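Each ligand, and each atom within it, is numbered from 1 in the order the structure gives. What you see is a predicted model; the values in this text were computed from it and never measured.
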Amino acid sequence: MVKLNRRQFIFLGAAGAGTTLVGNWLGKETISSQSLLQSSANLAPVHKSSDGLLELDLEARESPINLSGRQAYLLTYNGQIPAPRLEAKPGDKVRIHFTNNLSQPTNLHYHGLHIPPTGTADNVFLRINPGEKFNYEFDIAQNQAAGTFWYHPHLHGLVAEQLFGGLAGLFIVRGEEDEIPEIKAAQEEFLVLQDFSIDERGKLLSSMHMSLMMGREGDVITVNGQVNPSFSLPAGGLLRLRILNASTSRFYRLTLEEHSFYQIAIDGNALNEPIEVRELLLTPGQRADVLVKGDKQPGQYRLLNLPYDRGSMGMMGGRGMMGGRGMMGGRGMMGGRGMMGRNNRDLPIALATVNYESSVESLPLPTKLASISALPEPVTVRRFELNHGMSPAVGMAFLINGEPYSGDWRSQPPSEDRLQTQVKLDTVEDWEITNTGVMDHPFHIHVNSFQVISRNGQPESLPAWRDTVLVRRGETVRIRIWFRDFAGQTVYHCHILDHEDLGMMGNLMINA
Ligand SMILES: [Cu+2]
């Protein structure tokens with residue numbers, strides 16, 4: 001457990017972090033006024049279903065946003081960072097009247113929802129041009145697990161750029177899990193983790209300034225659009241944190257000073273029972289739902305992001321490959337340090353603060369959350385190798401089984417011969433995913449969740465449903481997936497979204 005005192009933090013901040021972070025640490029002395037302003041840190045509006053219908057207008061557009069005291073022009077849904085939170089229940093109908101007022105084509109993906117990959121549902125092959133409208137409409141299935149899901153753009157080639165602009169929001173499905181008395185009694189907070197980089201005019205840094213091979217990371221890290229917001233825990237309280245990594249490439253390795261997390265869900269899906277962990281590693285796309293007991297001394301506790309090394313292109317001197325314009329350090333932006341120095345290799349960073357004023361016995365934890373049953377034996381075992389390399393068509397690319405993704409947002413949806421993988425509806429398969437590259441890759445499959453069977457041949461001990469699994473460099477992860485309910489074409493890909501845009505994606509046809 002890393003625990004630094006304030007002095008050490010200021011020292012580290014002065015030595016290395018950008019001005020935002022330093023200002024933040026110095027601000028801790030006067031945190032009372034700051035936290036009053038920022039308490040109840042989730043300011044984004046919420047749209048809930050009523051009478052079985054969730055209906056809203058959603059507009060993607062560039063909007064001026066106050067980003068840590070600076071005016072920034074970010075990409076938003078309805079002018080909000082993060083986007084409005086949507087809430088529905090199993091059996092509800094969802095109707096989203098979508099307008100694209102971006103300067104690029106876009107679309108919507110509903111990450112983790114078990115809905116059709118076709119038509120007006122989770123169809124990533126749609127292309128909604130600037131100025132166009134599109135009506136998304138689908139039903140949340142009765143068998144949809146309650147949980148923390150999210151929505152974001154998914155037009156191949158533009159995904160990283162649009163996510164990095166800020167386009168992401170929570171999609172919560174309420175259900176049985178929310179009715180467990182101990183969970184119901186907890187105070188619920190949502191934490192959407194995003195990172196941004198803006199220039200001196202408040203404009204988003206363009207991709208030519210970013211390290212696309214490494215995967216772009218921003219130097220301003222926000223929780224619900226704010227730098228280091230506070231969350232207050234009532235006396236004797238149990239805090240339920242629902243955390244989403246909505247960053248393009250950044251991994252978060254989270255710890256809360258002096259507290260354990262009692263994890264109740266992974267990627268939105270409930271575990272059998274709470275598991276106590278001191279750290280949570282969240283790759284892009286992943287979610288964690290945790291309970292925190294407010295049973296320590298009254299005070300303020302920082303939610304820290306600990307260093308994590310996700311690998312880099314060694315040929316570039318171990319510091320990742322820069323875009324054409326090189327390091328940002330010389331241009332006086334955000335404190336003058338080179339961009340790769342902010343890659344969270346060496347500094348803990350406070351993302352948020354949890355505070356409580358009185359110490360009493362905490363509410364009890366739940367015992368039983370779900371019953372996860374094992375899937376039947378697979379009919380097929382497929383192998384996928386993740387790597388990078390030169391591709392004749394596109395130059396340096398990220399590859400699955402030696403091939404870059406061939407579809408492109410400038411062309412029509414990929415034709416039949418470009419399908420990489422065909423499976424049969426209602427069958428169970430094992431996918432063995434091997435990472436022979438030099439960077440970690442979080443592997444995500446749309447529409448159906450899966451279970452991890454083994455890592456490097458060692459059986460996985462924790463039963464869980466996931467939609468995104470980290471495959472570390474040198475690692476082989478075996479997952480078991482049941483293609484159920486919905487036929488049609490969808491995708492699997494690396495959720496470092498620059499890697500996805502640079503080719504690490506495949507088409508998946510689920511044949512009826
Ligand atoms: Cu990757």
Side-chain polar contacts of residues 157-169 - donor-acceptor pairs under 3.5 angstrom, sequence neighbours left out - could you list them?
residue: Glu161; atom: OE2; partner: Gln104; partner atom: NE2; Å: 2.9
residue: Gln162; atom: OE1; partner: Thr106; partner atom: OG1; Å: 2.7
residue: Gln162; atom: NE2; partner: Gln104; partner atom: OE1; Å: 2.9
residue: Gln162; atom: NE2; partner: Pro105; partner atom: O; Å: 2.9

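- In terms of the side chain to side chain contact (heavy atoms under 4.5 Å, CB included) criterion, residue partners of Asn387 (sequence neighbours excluded) are, by chain and number, Glu385, Thr436.
- Tyr77 pairs in a side-chain contact (heavy atoms from CB on, under 4.5 Å) with only one of the listed residues (Pro153, Pro82, Ser63), which is Pro153.
- Counting only protein N, O or S atoms, the number found under 2.8 Å from the Cu ion (ligand 1) is 3.
- Partners of Arg466 by salt bridge (Lys or Arg N to Asp or Glu O under 4.0 Å), not counting sequence neighbours, listed by chain and number: Glu460.
- For the residue pair Tyr308 and Asp440, a side-chain donor N or O sits within less than 3.5 Å of a side-chain acceptor on the partner.
- The ring of His499 has its center no closer than 6.0 angstrom to the ring center of His388.
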